[in-house]
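Residues take their numbers from the sequence shown, with the count starting at 1.
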Amino acid sequence: MTLALLGLHLAVTGVLLPRLLAGSARLQARPALGAALWLALMASFTVALVLAGHHAVEPAAHEPAGLLGLLGPIGLLPRLETTGPVLPHTHDWWLLAAAGAVLAALVAAVGVRAGRARRRHRAVLDVVAVRERRWGALVLEHAHPTVYCLPGRRSRVVLSRGALRLLDERQLAAAVAHEHGHIRGRHHLFRLPADTFALLFGPLPLARLGRSEVALLLEMAADDAALAKVSRGELASALCALATSGAAPGGTLAVASTGVLARVRRLARPGSGRRRRPVWWLGLLTLPALPYLLACAPHP
């Protein structure tokens, strides 16, 4: 029963929900919440996978009733008779801790690699770029129009000379405000677990779609931050003008590098960026614990 429940959870979180949620207008209306949901699904899938592997090796290590065992005492299901231990064994906690440590190490490794790329690029910029006080940015002598940021503790916003020629003042203000939204929101940190999950699970829909959706939703969150200073039309026109600027350097976040068409369509819709509801964030915090409730919930 336990393995069946965990297998169902893996199928739902790893395959079904990603296909249903990809491109969701509801999540795009609240992009920070949407990105957090994708990361919570990845965490929940990982916990379920670890528990499923453990139960396959040691099927008697836990009370097998799991969530079903919680339904018996309140009369929703007949009470299940069990002979196994009520509480999980101590070494089960060590298993989860070890799995968490391995995943944290992988996330850190991906972060270190991205951080090195940013430091190398920052060192080059500090030599060849010129600081423009008016925009609070570095100007790179390059004809190709591009606007991007180097996130982190020593963050930089970078404008190419081509972007200064292409965009008017309000469009430049919109692009720079977008990049500052990335920096203030520390969006590069939210991309790390999604990138690591995609590295581990490759073609799994949750990995493949989750990585791209998190990147898109974080761009939309930065768009919302920019709207505090510029209009929707100004930001949309800046995105369209920079849409052909190409890929940004490694470790950076560029204003027009991801999902420009979807973002422009979103900016054209009234009411995007609604107020936050704390109860939804509370639900996201409990999602990673659901596999443990399915597999190991104690009951009398």
Side-chain angles (χ1 to χ4, degrees), residues 23 28-29 31-32 34-35 114 117-118 120-122 124-126 128-152 155-188 190-191 194-195 211-269 272-273:
Q28 291 178 3
R118 286 195 298 269
R120 288 194 297 267
H121 191 63
R122 187 184 298 117
V124 173
L125 285 174
D126 289 345
V128 303
V130 177
R131 180 164 294 280
E132 175 59 65
R133 295 184 181 276
R134 179 182 181 186
W135 299 109
L138 296 177
V139 176
L140 188 63
E141 292 294 337
H142 199 288
H144 198 64
T146 185
V147 181
Y148 63 90
C149 70
L150 279 169
S155 60
R156 303 282 193 277
V157 174
V158 181
L159 310 173
S160 71
R161 187 64 65 182
L164 290 174
R165 296 191 187 102
L166 177 66
L167 305 179
D168 62 29
E169 288 192 9
R170 296 307 299 167
Q171 290 172 329
L172 278 171
V176 170
H178 172 96
E179 298 307 328
H180 281 296
H182 277 313
I183 292 171
R184 288 194 302 272
R186 302 182 181 275
H187 291 167
H188 63 296
F190 290 92
R191 293 186 65 166
D195 291 343
R211 184 181 190 178
S212 60
E213 286 293 312
V214 167
L216 175 60
L217 290 166
L218 290 176
E219 291 296 331
M220 291 178 174
D223 288 343
D224 287 348
L227 293 179
K229 298 182 178 180
V230 298
S231 70
R232 294 174 182 271
E234 290 164 346
L235 179 56
S237 64
L239 290 176
C240 292
L242 292 168
T244 59
S245 62
T252 67
L253 299 172
V255 65
S257 62
T258 303
V260 172
L261 181 58
R263 290 160 59 195
V264 170
R265 286 175 175 171
R266 176 178 180 267
L267 289 170
R269 293 196 300 263
S272 59

Using the benzene-type ring in the case of Trp, are the ring centres of His121 and Tyr148 under 6.0 Å apart? yes

Residue set satisfying side chain to side chain donor-acceptor pair (under 3.5 Å) with Arg186, at least two apart, ordered chain then number -> none

What are the two closest heavy atoms between Ala225 and Gly181, and how far apart are they? CB-CA, 3.8 Å

How about Leu242 and Thr146: do any of their side-chain heavy atoms sit closer than 4.5 Å? no

Sequence neighbours left out, what passes salt bridge (charged side-chain N to carboxylate O under 4.0 Å, His left out) with Arg161? Give chain and number order. Glu141

Pairing residues for Ile183 by the side-chain contact (heavy atoms from CB on, under 4.5 Å) criterion, not counting sequence neighbours: Cys149, Ser155, Val157, His180

Would you give the length of the straight line joining atom NE2 of His182 to atom NE2 of His187, rounded to the nearest 0.5 angstrom? 7.0 Å

Do you know which two heavy atoms are closest between Phe190 and Val214, and how far apart they sit? O-CG1, 4.1 Å

Show the nearest heavy-atom pair for residues Leu166 and Ala241, with the distance to one decimal. CD2-O, 3.3 Å

With sequence neighbours left out, what residues match Gln171 under side-chain contact (heavy atoms from CB on, under 4.5 Å)? Leu167, Asp168, Ser237, Ala238

Salt bridge (Lys or Arg N to Asp or Glu O under 4.0 Å): which pairs involve residues 254-264, sequence neighbours left out? Glu219-Arg263, Asp223-Arg263

Short N-O contact, Arg134 and Glu169, less than 4.0 angstrom: yes

Can you find a heavy atom in the side chain of Leu235 that is under 4.5 Å from one in the side chain of Leu227? yes

Going by heavy atoms in the side chains, are Leu159 and Val176 under 4.5 Å from each other? yes

In this structure, CZ of Arg265 is separated from CG of Leu267 (nearest 0.5 Å) by 12.5 Å

Side-chain contact test, heavy atoms from C-beta onward, threshold under 4.5 Å: evaluate it for Thr258 versus Leu253 and give yes or no. no

Supply the atom-to-atom distance Leu261 CG to Arg266 CZ, rounded to the nearest 0.5 angstrom. 14.0 Å

Heavy-atom pair of closest approach, residues Gly259 and Leu216: CA-CD1, 3.8 Å

Tightest non-hydrogen contact, residues Ala32 and Ala221, listed as N-CB, 4.5 Å

Please enumerate all residues that pass ring-ring contact (aromatic ring centres under 6.0 Å, His included) together with His188, with sequence neighbours excluded. none

What closest approach, in Å, do Val264 and Cys240 show between heavy atoms, and which atom pair accounts for it? CG2-SG, 3.9 Å

Are the side chains of Ser160 and Val147 in touch, meaning some heavy atoms are under 4.5 Å apart? no

Can you measure from CG (Leu125) to CZ (Arg131) and round to the nearest 0.5 angstrom? 10.5 Å

Nearest 0.5 Å please: distance from the CD atom of Glu132 over to the CG atom of Leu138. 10.0 Å

Could you go through the side chain to side chain contact (heavy atoms under 4.5 Å, CB included) check for Val124 and Arg120 one step at a time? CA-CA 6 Å; Val124 173; Arg120 288 194 297 267; 5.9 Å; no

N/O donor-acceptor pair under 3.5 Å between Arg156 side chain and Pro151 backbone: no

